[in-house]
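What follows is a single structure, written as structure tokens, with notes after it.
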Protein chains: 2
Amino acid sequence: MKPTIYDVAREAQVSIATVSKVINDSGRISDKTKQRVIAIMEKMKYQPSVVASALTGKQTFTIGLFIPDLANPFFAEIARYVEDRAQENGFSVVMCSTDHNIEKESKYIELLRQKRVDGFILASGFINDEILKELIEEKFPVVMVAQDFPTRTMDSVSTDDFFGGYVVGKHLLELGHKSIGVLAENWKAGTLELRWSSIERLRGIRQAMAEAQVPFHEEHLVICDSSVESGRASSAKFFEGKSGPTAIFATNDVLAIGVVQAAREHKKKLPDDVSIVGFDNTLLSTIVEPRLTTVAHPMAEMARKAMELLLNRMQDKDRMSSRIILPPELIKRDSTRPL
Amino acid sequence: MKPTIYDVAREAQVSIATVSKVINDSGRISDKTKQRVIAIMEKMKYQPSVVASALTGKQTFTIGLFIPDLANPFFAEIARYVEDRAQENGFSVVMCSTDHNIEKESKYIELLRQKRVDGFILASGFINDEILKELIEEKFPVVMVAQDFPTRTMDSVSTDDFFGGYVVGKHLLELGHKSIGVLAENWKAGTLELRWSSIERLRGIRQAMAEAQVPFHEEHLVICDSSVESGRASSAKFFEGKSGPTAIFATNDVLAIGVVQAAREHKKKLPDDVSIVGFDNTLLSTIVEPRLTTVAHPMAEMARKAMELLLNRMQDKDRMSSRIILPPELIKRDSTRPL
DNA sequence: GTGAAAGCGCTAACAG
DNA sequence: CTGTTAGCGCTTTCAC
């Protein structure tokens with residue numbers, strides 16, 4: 001059996017209180033007994049039980065990370081960074097893939113609360129506003145990441161999507177493009193309603209175009225589901241007529257890859273005939289041919305800030321919430337070219 | 001505050017023992033009080049504390065999943081499947097990215113054992129044989145997945161790499177290729193020592209060639225690090241002379257993508273001039289142009305079996321260990337063509 | 001059927 | 001400085 005605090009107390013000829021004190025480096029104990037106890041603990045390979053200490057009101061040093069799907073490289077990357085930051089602070093992260101499924105979300109939340117995790121990081125679309133509200137009202141530590149959710153006041157850190165779209169516009173304009181198409185992602189498969197990030201990205205590129213006095217043609221906006229296949233099918237429209245756009249901004253890399261495939265099917269030469277830019281700077285963007293010009297999220301910084309916010313929130317549930325918005329960066333690669 | 005077992009006991013006018021019994025559906029209680037207690041629990045939104053019950057010797061219903069890196073699509077996919085199976089059985093999974101780093105492994109193991117997780121699933125290369133040995137000796141529930149480790153007897157489920165390589169060979173041979181190159185992955189960056197899976201895959205293709213009486217030229221075996229870049233650089237060798245192979249088997253998709261890039265740099269037409277096949281059937285293989293012929297692991301089944309083994313092991317630490325080897329499947333796409 | 005009571009391993013006053 | 005003691009929320013005999 002694993003040794004308990006009693007075992008080391010007996011070995012060290014002290015009380016369990018003393019041992020507890022050296023474990024937590026609290027209270028006052030002579031350096032001598034402290035050293036002795038430490039030595040004994042090492043000798044016995046004693047590991048304090050997080051379970052027991054959690055029961056006495058301490059933390060479990062575990063957080064839940066909610067994302068839609070680990071198999072999506074964008075979210076996997078977020079998960080990776082969050083895990084690193086958590087680990088650094090002594091926290092474990094339990095993965096919760098929600099598949100954008102409202103019931104899975106609730107179940108996970110419930111389960112993890114039974115396990116007394118210390119907080120949640122939500123990188124999922126988090127559809128269940130009801131539960132979110134409950135969490136916030138109970139002052140349960142929660143931070144939203146990579147997903148702005150303007151309807152609730154809570155801690156969050158996200159990318160400046162508007163600025164990202166704006167920068168893409170600037171880039172394309174500088175390259176001389178005057179006819180620009182946008183392939184944007186809907187909120188939910190099958191609908192025509194854009195998701196928040198796409199709305200912002202679109203607004204950004206529009207702004208850039210407006211500033212340059214280049215008109216945006218509404219028929220050059222196409223909305224589709226978030227998959228390569230949907231992107232491919234939906235963007236065919238851009239290549240059919242002869243008056244198609246000379247540049248296309250897809251609001252994420254997955255869609256952009258669909259555009260690349262469609263362009264190729266329509267015998268377009270890339271990037272000569274048409275420039276394409278994506279968003280997210282996922283692994284995929286370096287794999288497609290041509291390598292995608294795209295917008296990179298400040299992933300590392302986002303994860304760091306998110307963990308920071310969560311830690312702060314955990315120690316002071318009443319602090320004011322902050323909404324942090326970080327600027328993304330345009331990564332120029334081979335899929336864009338001067339007109 | 002969250003209600004405790006005392007709160008519901010008081011409400012229901014019974015003892016906490018009784019409540020405990022209805023929670024665990026153990027002991028004997030009249031149906032009447034049982035229903036009453038259940039009703040009260042629901043009314044109060046009572047959730048038993050996993051922490052407290054874990055302290056009394058019950059499980060924590062949490063497992064640790066070790067993988068080298070979540071940002072690698074192959075491992076992300078494994079993680080996804082494992083998470084699903086775990087969730088199904090009421091378990092949470094905490095992610096442990098080890099980066100093939102022996103110290104990170106140890107730290108995570110230690111941390112999770114302090115947290116009294118119920119078991120580990122190891123999909124990481126798991127370098128630290130020392131700790132592995134300790135775990136096994138202590139009869140701590142552990143199963144290895146997607147990674148055969150023939151030096152220890154333990155529960156494991158993996159892909160039949162030999163058969164995978166064999167099938168690739170058959171396919172290429174059927175297509176008429178007689179000159180086949182292999183790009184294989186080393187165990188650790190910079191070395192020339194193959195990792196176990198690559199050894200097996202190589203052995204498989206060799207076997208197929210031997211059976212067909214097609215010689216394998218040793219200079220057609222190239223060993224490199226596991227990255228697109230290394231694959232690209234190392235495979236240049238295949239395209240330089242004029243007597244290069246007409247087909248190349250890369251022992252994983254990442255390498256295969258490197259090969260595709262190198263081929264393109266050398267003005268080879270794909271798949272006309274050279275056929276390429278990968279391994280793993282990651283997301284990437286459908287993104288490259290041409291879409292990669294590759295070998296798919298029975299991911300879903302692997303994860304299911306792994307969870308099954310772990311569950312079994314948890315309830316009987318002394319059962320005989322089983323090593324399960326599942327057959328992979330060749331996925332024919334556009335990167336291979338008859339000679 | 002039901003409940004009293006003794007822990008599980010640890011923390012946090014509170015005495016000494 | 002160090003030890004005693006009362007919990008934390010739940011499980012599990014063992015009486016009644």
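In what follows, chains carry the letters A, B, and so on, assigned in the order in which the sequence lines appear, proteins first and then strands, with residues in each chain numbered from 1.
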Between [atom2] of [N] and [atom1] of [X], the distance in whole Å:
{"X": "N24(A)", "N": "dG9(C)", "atom1": "CG", "atom2": "P", "result": "17 Å"}
{"X": "K34(B)", "N": "dT2(C)", "atom1": "NZ", "atom2": "C1'", "result": "15 Å"}
{"X": "R116(B)", "N": "dG9(D)", "atom1": "CZ", "atom2": "P", "result": "20 Å"}
{"X": "I5(A)", "N": "dG9(C)", "atom1": "CD1", "atom2": "C1'", "result": "7 Å"}
{"X": "R36(B)", "N": "dG1(C)", "atom1": "CZ", "atom2": "P", "result": "15 Å"}
{"X": "Q114(A)", "N": "dC8(D)", "atom1": "CD", "atom2": "P", "result": "20 Å"}
{"X": "R28(B)", "N": "dT13(D)", "atom1": "CZ", "atom2": "P", "result": "16 Å"}
{"X": "I23(A)", "N": "dC10(C)", "atom1": "CD1", "atom2": "P", "result": "6 Å"}

With a cut-off of less than 4.0 Å, is there a side-chain N or O of [X] near OP1 or OP2 of [N]?
{"X": "S30(B)", "N": "dT2(C)", "value": "yes"}
{"X": "K58(B)", "N": "dC8(C)", "value": "no"}
{"X": "T33(A)", "N": "dT2(D)", "value": "yes"}

Test log, rule salt bridge (charged side-chain N to carboxylate O under 4.0 Å, His left out), inputs K34(A) and D31(A): CA-CA 5 Å; K34(A) 184 169 171 181; D31(A) 214 57; 5.0 Å; no
Salt bridge (charged side-chain N to carboxylate O under 4.0 Å, His left out) evaluation trace for D99(B) with R80(A): CA-CA 11 Å; D99(B) 289 317; R80(A) 186 55 163 91; 2.3 Å; yes
Quick one: do [X] and [Y] make a salt bridge, cutoff under 4.0 Å?
{"X": "R304(A)", "Y": "D84(A)", "answer": "no"}
{"X": "E11(B)", "Y": "K43(B)", "answer": "yes"}
{"X": "R113(B)", "Y": "E138(B)", "answer": "yes"}

With distance as the sole test, does [X] use its side chain to make a donor-acceptor pair with the main-chain N or O of [Y] at under 3.5 Å?
{"X": "D118(A)", "Y": "T60(A)", "value": "yes"}
{"X": "E105(B)", "Y": "N128(B)", "value": "yes"}
{"X": "N101(B)", "Y": "T98(B)", "value": "no"}

Y6(A) side-chain proximity, nearest of dG1(C), dG9(D), dG9(C): dG9(C)
Stepwise salt bridge (charged side-chain N to carboxylate O under 4.0 Å, His left out) test for R152(A) and D129(A): CA-CA 9 Å; R152(A) 296 232 165 272; D129(A) 199 48; 2.8 Å; yes
Strand-adjacent residues in residues 41-56 of chain A, judged by heavy atoms under 4.0 Å from DNA chain D: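 When residues 41-56 of chain A is checked for heavy atoms under 4.0 Å from DNA chain D, the hits, listed by number, are L55(A), T56(A).
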Positions of residues 14-22 of chain B (non-hydrogen atom under 4.0 Å from DNA chain D), listed by number: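 DNA chain D contact set from residues 14-22 of chain B: I16(B), A17(B), S20(B).
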Criterion side chain to side chain contact (heavy atoms under 4.5 Å, CB included) against I63(A), the qualifying member of I121(A), V142(A), V117(A): I121(A)
End-to-end axis angle, where each axis spans five pairs of the helix from dG1(C)-dC16(D) to dG16(C)-dC1(D), to 10°: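 Taking five pairs per end, the axes differ by 40°.
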Spatial distance of atom CG (L309(B)) from atom CG (N312(B)) [nearest 0.5 Å]: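 Reported to 0.5 Å precision, the distance equals 6.5 Å.
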Evaluation steps, side chain to side chain donor-acceptor pair (under 3.5 Å), between S92(B) and K115(A): CA-CA 10 Å; S92(B) 308; K115(A) 296 192 177 172; 2.7 Å; yes
